[in-house]
Amino acid sequence: MTGTATPTGTRHLDQGIAPDRYARGWHCLGLERRFTDGKPHSVPAFGGKLVVWQDSTGGLNVLDGYCRHMGGDLTQGQVKGDEIACPFHDWRWGGDGKCKQIPYARRVPLRARTQRYATAIRNQQLFIWYDPEGSAADESLLPPELPGLTSGKYTDWVWETEQIEGSNCRELIDNVVDMAHFYYVHLAFPTSFRNVFEGQQATQFMESKGRPDVSGGYGSEEFFLKSEATYYGPSYMINWLWTDYKGFKTEVVLINTHIATGPDSFTLQYGIIVEKPEGMDDETAAFIGQKYADMFGQGFLQDVHIWKNKVPVQNPLLCEEDGPVYQLRRWYEQFYVDVADITPDMTDRFEFEVDTDKANEFWQDEVAANLARKAEEDAAAEAAADNEGADPALMSGT
């Protein structure tokens with residue numbers, strides 16, 4: 001029970017309080033192609049909504065979704081020329097945040113400005129810069145361009161979106177250091193696990209193999225995975241994945257990105273591209289890409305189920321093999337404080353490798369017991385099926 005006295009020696013569970021601000025940095029709104037149809041688009045974000053539209057030059061513009069005149073919903077308006085027009089009184093807003101025209105008025109008020117967001121395109125995705133302090137966008141902090149993306153090396157993006165209610169986005173970030181959940185939630189043996197935090201990047205290096213006693217998630221005895229996953233800033237991860245399934249080796253790039261919609265809700269998006277095997281036609285490559293998207297998407301849904309049924313824990317009780325949870329949270333805190341309040345322990349290089357030997361020793365024994373039990377159950381079921389169809393006289397021995 002949070003906030004009450006507990007008996008001596010009992011661990012107090014502190015659920016904490018969700019941050020009263022949103023993370024500073026670049027946030028991905030989704031694939032660029034989603035916003036290029038000449039219509040206004042609504043994106044829930046930061047406790048409200050944004051309006052996104054393309055102007056006549058092909059540029060994408062992002063403003064606060066509500067008109068500063070009388071609060072009309074700009075996402076329900078129209079694109080007129082280069083401006084977004086409010087459906088309430090037709091005030092026309094430009095991508096620079098200034099009101100350009102009021103058709104029924106002699107002049108536009110000098111202070112007719114609204115919140116605009118700097119935009120950038122990376123990896124065929126639209127990004128915006130958000131900072132509660134109002135700083136100029138820092139393009140040096142954008143994630144890197146994926147090499148080979150525009151040269152036909154990979155399949156087209158398979159992109160999915162999930163709305164998460166009842167969880168702060170820190171639940172997603174905590175996964176960066178969580179070695180053990182890969183066995184219990186994603187059904188794989190993590191055989192190597194290491195973290196490196198430095199500056200605005202946090203990386204997880206992992207190798208795993210599937211469990212033979214289960215199916216779903218990453219569970220398959222013949223599935224081997226090598227993963228390098230890096231957060232660039234507070235909300236955008238590029239995950240390079242090298243898979244080996246029955247000798248068929250594939251390079252996969254997984255994008256894992258989110259944007260907070262409220263203190264306890266966020267929009268999770270993930271995208272998959274797959275390196276096209278040499279000589280493989282585009283249709284087959286796209287089919288493989290969709291299969292990997294389904295598999296890793298199932299992994300995300302396994303996490304979502306956990307998030308929706310757990311409580312936040314500000315003071316987690318940890319063992320050594322749980323990894324550097326507190327250090328990761330300290331790294332993450334840099335995005336929720338003023339720039340002047342960022343301290344070296346939030347950004348200095350930190351490395352930690354989890355010893356997976358003890359865990360895998362226990363897990364291998366558990367899996368062996370599961371397989372033995374299943375073999376006994378299968379044998380019993382087969383015997384019962386044989387007996388069901390046997391001659392009663394033979395069964396009685398007479």
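It should be emphasised that the depicted structure is a prediction, and the values quoted were computed from it without experimental measurement.
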Checking [X] side chain against [Y] main chain: does a donor-acceptor pair fall under 3.5 Å?
X: D355; Y: D357; result: yes
X: W129; Y: S135; result: yes
X: D338; Y: D341; result: no
X: N256; Y: Y270; result: no
X: D73; Y: F88; result: no
X: D213; Y: V367; result: no
X: T250; Y: T243; result: no
X: D365; Y: F362; result: no
X: N195; Y: T203; result: yes

Hey, can you pull the donor-acceptor pairs under 3.5 Å for the side chains in residues 102-115, sequence neighbours left out?
residue, atom, partner, partner atom, Å
Y104, OH, W91, NE1, 2.9
T114, OG1, R68, NH1, 3.4

Are [X] and [Y] grouped together when hydrophobic residues (ILVMFWY) are joined by side-chain heavy atoms under 4.5 angstrom apart?
X: W363; Y: F193; value: yes
X: L254; Y: L146; value: no
X: L74; Y: V62; value: no
X: F223; Y: V252; value: yes
X: I238; Y: M206; value: no

4.5 Å side-chain heavy-atom contact, [X] and [Y]:
X: L149; Y: W157; result: yes
X: Y326; Y: P316; result: yes
X: I128; Y: V43; result: no

Lys/Arg N to Asp/Glu carboxylate O, [X] vs [Y], below 4.0 Å:
X: E376; Y: R373; value: no
X: K80; Y: D90; value: yes
X: D174; Y: R329; value: yes
X: R116; Y: D96; value: no

What heavy-atom pair brings [X] and [Y] nearest, and what distance separates the two atoms?
X: W159; Y: Q269; result: NE1-OE1, 2.6 Å
X: V354; Y: G323; result: CG2-CA, 4.2 Å
X: L328; Y: I173; result: CD2-O, 3.2 Å
X: M280; Y: F248; result: CE-CZ, 4.3 Å

Quick one: side chains of residues 23-32, donor-acceptor pairs under 3.5 Å with protein atoms, not counting sequence neighbours, listed by atom name and distance.
residue, atom, partner, partner atom, Å
R24, NH1, V337, O, 2.7
R24, NH2, Q334, O, 2.5
W26, NE1, D138, O, 2.8
H27, ND1, S235, OG, 3.2
H27, NE2, A23, O, 2.9

* To do: Could you check D294 against Q298 for side-chain hydrogen bond (donor to acceptor under 3.5 Å, both in side chains), going step by step and ending with a plain yes or no?
  => CA-CA 6 Å; D294 292 344; Q298 183 182 10; over 6 Å; no
Evaluate the ring planes of [X] and [Y], with Trp represented by its six-membered ring, and classify them as parallel (under 30°), tilted (30 to 60°) or perpendicular (over 60°).
X: Y231; Y: H258; answer: perpendicular
X: Y332; Y: Y336; answer: perpendicular
X: F46; Y: Y22; answer: tilted
X: Y232; Y: W240; answer: perpendicular

* **Among R33, R34, H41, the one residue meeting side-chain contact (heavy atoms from CB on, under 4.5 Å) with D37** =>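 Only one of R33, R34, H41 forms a side-chain contact (heavy atoms from CB on, under 4.5 Å) with D37, namely H41.
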* **T119 versus N61, side-chain donor and acceptor atoms under 3.5 Å** =>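 No - no donor-acceptor pair under 3.5 Å links their side chains.
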